[in-house]
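Written below as structure tokens is the structure these notes are about.
Worth saying up front: this structure is predicted, and the values here are computed from it rather than measured. All values below were derived from every heavy atom in this structure, side-chain atoms included, with hydrogens, water molecules and symmetry-related copies excluded. We're numbering straight along the sequence, starting at 1. Order of listing sets the numbers, starting from 1, for every ligand and every atom in it.
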Amino acid sequence: MQSILQRYLPDRLAEVILTQAELANHVPLAEMSNDRLEVLGDQVKNLTLPITGTLPLEKATVTGGGVSIHDISPSTMASKRCPGLYFCGEVMDVHAHTGGYNITVAFATGHLAGQSAARYALAQQANG
Ligand SMILES: Cc1cc2nc3c(=O)[nH]c(=O)nc-3n(C[C@H](O)[C@H](O)[C@H](O)COP(=O)(O)OP(=O)(O)OC[C@H]3O[C@@H](n4cnc5c(N)ncnc54)[C@H](O)[C@@H]3O)c2cc1C
């Protein structure tokens, strides 16, 4: 059974499904009764995965929380509270699904914050 399930599912998931269906992984398909096959089919189609918690921060892909975007000017990434301070990336309270969105946020806001900070520094220098 396990080798058949592994054609369609990741190895470790196939193992879990067989365990949950209370089927031995070495049973040949030909020896499975229709009832047992139905139990197996039910496990595959109705597998529930209860979420028991989250992994620690060190394992996080992205984090929520940080500097509120309401305190940041979106056209420069400047702090609305503290002149000369610029924010980008994970330090801001912005997070998205994985798939490139977070890294794009980091690059885009980093680029803008860097340019804006340089402009601010040059303006400060020019004003003595
Ligand atoms: C395992 C993993 C997988 C991910 N996969 C994806 C994905 O598929 N798609 C996606 O969009 N995003 C993904 N992300 C999220 C994405 O990588 C981050 O959102 C992005 O890198 C954040 O960029 P950042 O520059 O804000 O912060 P970081 O990349 O965390 O950079 C912060 C930098 O600051 C340095 N630093 C920290 N403290 C100090 C200090 N006191 N002095 C000097 N330097 C300091 C750190 O060493 C680090 O280099 C993933 C993240 C992880 C961890």
Heavy-atom contacts with [X] under 4.0 Å: which atoms of ligand 1 show up? List them by number with element.
X      : value
Tyr101 : 11 (O)
Ala60  : 53 (C)
Gly89  : 26 (O)
Gly99  : 9 (N)
Glu90  : 18 (C), 19 (O), 22 (C), 26 (O)

Do [X] and [Y] have side-chain heavy atoms sitting under 4.5 Å apart?
X     : Y      : answer
Phe87 : Ser79  : yes
Leu13 : Leu47  : yes
Met1  : Met32  : yes
Met92 : Thr109 : yes

State, to 0.1 Å, how close [X] and [Y] come at their nearest heavy-atom pair, and which atoms those are.
X      : Y      : value
Ala14  : Gln6   : CB-CG, 4.0 Å
Lys80  : His70  : NZ-O, 3.2 Å
Tyr86  : Ser116 : CE2-CB, 3.4 Å
Tyr101 : Ala96  : CB-CB, 3.7 Å
Thr63  : Glu90  : OG1-OE1, 2.8 Å

Fill in: Ala96 to ligand 1, any heavy atom closer than 4.0 Å
no

Flag: protein heavy atom within less than 4.0 Å of [atom]:
atom                    : value
atom 1 (C) of ligand 1  : no
atom 28 (P) of ligand 1 : no
atom 34 (O) of ligand 1 : no
atom 52 (C) of ligand 1 : yes
atom 15 (C) of ligand 1 : yes
atom 23 (O) of ligand 1 : yes
atom 48 (C) of ligand 1 : no
atom 38 (N) of ligand 1 : no

Worksheet item: Which of the listed options, Ala106, Gly100, Cys88, holds the heavy atom that is closest to atom 25 (O) of ligand 1?
Response: Ala106

Worksheet item: Out of Val91, Thr61, Val94, whose heavy atom is nearest to atom 3 (C) of ligand 1?
Response: Thr61

Item to complete: Provide, to 0.1 Å, the distance between atom 17 (O) of ligand 1 and the closest protein heavy atom, together with that atom's residue and name.
Response: Ile103 CD1, 3.9 Å

Discussion item. Please list the nearest protein heavy atom to atom 12 (N) of ligand 1 with its residue and the distance rounded to 0.1 Å.
Written reply: Asn102 CB, 3.6 Å

Practice prompt. Compute the shortest N/O to N/O distance between Thr98 and ligand 1 and return yes if it is under 3.5 Å, no if not.
Written response: no

Quick check: does any side chain N or O of [X] sit under 3.5 Å from a backbone N or O of [Y], one acting as donor and the other as acceptor?
X     : Y     : answer
Asp93 : Ser68 : no
Asp42 : Glu38 : no
Arg36 : Glu22 : yes

